[in-house]
Amino acid sequence: MSMNIFAPKGSKVRFCRRGGWDGEYEQAAQILKHGEVYKTRRINVYQSSSEVFLEGFKQGFNSVFFENVYEVEDGIDYGRIRELTNVLFTEFVKDRMKDALTWRELEHCFISVDDFDCDPNDPYADEPDAPVIVVDVKVRGALYTFWYNTGSREYNHSILGEDVVNRYLAITKRHRPELPGVYVYHPTEED
C-alpha cells in the first residue's frame, strides 16, 4: 500500500520501489535514495494520480513510490501499531487520537497482543485464532480502546463504556489490563 495522500505537510515518507509508469521509478531513483526517509512539503491529488513534493526538492514524484513512516507522536507509538497491524488501522487510531489529544492530556498507552493464551507448539490445542492487537490509550477522563483482528483485518474502537470500566481502573493504576477475549467489529474495507 502506498502512502496516505491526505497526510499533513511535514509527514515522513520512505522512498520504496513499487508501481509507477515505465521508467518513472528509475528517474526518481537517480534523485532519491531507496529506503531513505523524506518530509513532505505538498501533495497534489489528481483524478487518477497524485504527486508528492518533498522538502529540498523542486520536482514532484509519484506517490506510489512512498510509504508512511510512523513514529512516536504525543506518547503513542504509531510505528509499533503499524508493525503489528496495517496502515488503515494505524491511520484510524491516529485520526481518532489527534482530536482527543488536542483537548485532553495523555496519561498512558498500552499496545497488547491477545493470542488467547494459545501455545502454537501444543499438539493437543485447537488451531489458535489469529491474534487481536489491542491498543489502550488513557487520556485524562477517558479511555480509548482499539481492537484489530490480524486474521480478518477488521477493527473497531470504544470509548469508556461499561465493558471497559475495569480496564480503565487498571490502566489508571498503571497496571496492564486483562485482555477482553471477545471483540466486536464493524465491517470495514480490507486493504
Side-chain angles (χ1 to χ4, degrees), residues 1-14 37 40 43 45 50 63 66-118 120 126-191:
M1 176 175 229
S2 64
M3 65 174 285
N4 175 10
I5 58 173
F6 300 107
K9 176 183 176 177
S11 296
K12 292 184 178 180
V13 293
R14 179 174 288 109
V37 175
T40 60
I43 302 171
V45 180
S50 54
S63 67
F66 300 91
E67 66 182 9
N68 291 92
V69 174
Y70 294 99
E71 301 174 312
V72 176
E73 290 180 33
D74 300 318
I76 301 172
D77 189 350
Y78 293 107
R80 178 75 175 137
I81 295 170
R82 169 60 187 97
E83 177 185 308
L84 293 170
T85 63
N86 65 13
V87 169
L88 291 176
F89 179 71
T90 306
E91 289 290 331
F92 177 77
V93 173
K94 196 172 185 181
D95 183 54
R96 272 141 190 90
M97 293 316 305
K98 177 180 68 174
D99 293 336
L101 292 172
T102 58
W103 51 280
R104 293 183 185 224
E105 181 182 339
L106 177 75
E107 293 181 355
H108 311 288
C109 178
F110 292 109
I111 302 169
S112 308
V113 178
D114 190 348
D115 61 2
F116 308 101
D117 293 327
C118 292
D126 292 334
E127 186 172 323
D129 292 332
V132 172
I133 308 304
V134 182
V135 180
D136 288 299
V137 182
K138 168 74 170 65
V139 296
R140 188 164 307 255
L143 171 66
Y144 292 77
T145 300
F146 299 87
W147 302 279
Y148 177 88
N149 184 310
T150 59
S152 67
R153 296 183 180 176
E154 294 175 308
Y155 54 86
N156 195 5
H157 83 293
S158 67
I159 303 171
L160 185 63
E162 287 181 34
D163 58 333
V164 292
V165 170
N166 290 335
R167 297 179 69 71
Y168 178 89
L169 294 173
I171 290 172
T172 299
K173 294 176 186 175
R174 295 181 179 256
H175 296 202
R176 185 174 296 278
E178 287 189 31
L179 295 167
V182 175
Y183 304 92
V184 178
Y185 299 96
H186 296 295
T188 60
E189 288 185 31
E190 291 187 25
D191 62 335

Find the distance between [atom1] ([X]) and [atom2] ([Y]) and round it off to the nearest 0.5 Å.
X      : Y      : atom1 : atom2 : result
Ile171 : Phe110 : CD1   : CZ    : 6.0 Å
Trp147 : Ser112 : CH2   : OG    : 12.5 Å
Leu84  : Phe89  : CG    : CZ    : 9.5 Å
Ile76  : Tyr144 : CD1   : OH    : 10.0 Å
Asn68  : Thr40  : CG    : OG1   : 8.5 Å
Lys12  : Met3   : NZ    : CE    : 14.0 Å

Can a donor-acceptor pair be found, under 3.5 Å and without considering hydrogens, that links the side chain of Thr90 to the backbone of Tyr78?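 Answer holds: no.
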
Do any N or O atoms from the side chain of Thr150 and from the backbone of Val132 form a donor-acceptor pair under 3.5 angstrom?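 Pair absent, no side-chain N/O of Thr150 close to backbone of Val132.
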
Without placing hydrogens or testing angles, list every side-chain donor-acceptor pair under 3.5 Å for residues 136-143, not counting sequence neighbours.
residue: Asp136; atom: OD1; partner: Thr145; partner atom: OG1; Å: 2.8
residue: Asp136; atom: OD1; partner: Arg167; partner atom: NE; Å: 3.3
residue: Asp136; atom: OD1; partner: Arg167; partner atom: NH2; Å: 3.0
residue: Asp136; atom: OD2; partner: Arg167; partner atom: NH2; Å: 2.2
residue: Lys138; atom: NZ; partner: Glu107; partner atom: OE1; Å: 2.5
residue: Arg140; atom: NH2; partner: Glu105; partner atom: OE1; Å: 3.3

Take the angle between the ring planes of Tyr155 and Tyr148 and call it parallel below 30°, perpendicular above 60°, tilted in between.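 Parallel.
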
Closest contact, heavy atoms only, His175 versus Lys173: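 Heavy atoms only, the tightest pair is CD2-O, 2.8 Å.
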
Minimum heavy-atom separation for Gly151 and Ala130, please, with both atom names.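 Closest pair (atom of Gly151, atom of Ala130, distance): N-CB, 3.3 Å.
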
Where do Glu91 and Phe6 land on the side-chain contact (heavy atoms from CB on, under 4.5 Å) test, with the steps shown first? CA-CA 11 Å; Glu91 289 290 331; Phe6 300 107; over 6 Å; no

Non-neighbouring partners of Arg174 that pass side-chain contact (heavy atoms from CB on, under 4.5 Å), sequence neighbours left out: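 For Arg174 the side-chain contact (heavy atoms from CB on, under 4.5 Å) partners, ignoring immediate neighbours, are His108.
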
With sequence neighbours excluded, tell me which residues meet side-chain contact (heavy atoms from CB on, under 4.5 Å) with Asp77.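 Asp77 satisfies side-chain contact (heavy atoms from CB on, under 4.5 Å) with Val72, Arg80, Ile111 once adjacent residues are dropped.
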
Among Asp114, Asn149, Thr85, Ile81, find the one that has a side-chain contact (heavy atoms from CB on, under 4.5 Å) with Ile133.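 Between Ile133 and the candidates, side-chain contact (heavy atoms from CB on, under 4.5 Å) is satisfied uniquely by Thr85.
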
With side chains defined as the heavy atoms from C-beta onward, is the minimum distance between Ile43 and Ile5 less than 4.5 Å?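 The answer is yes, as the side chains (C-beta and beyond) meet within the 4.5 Å cut-off.
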
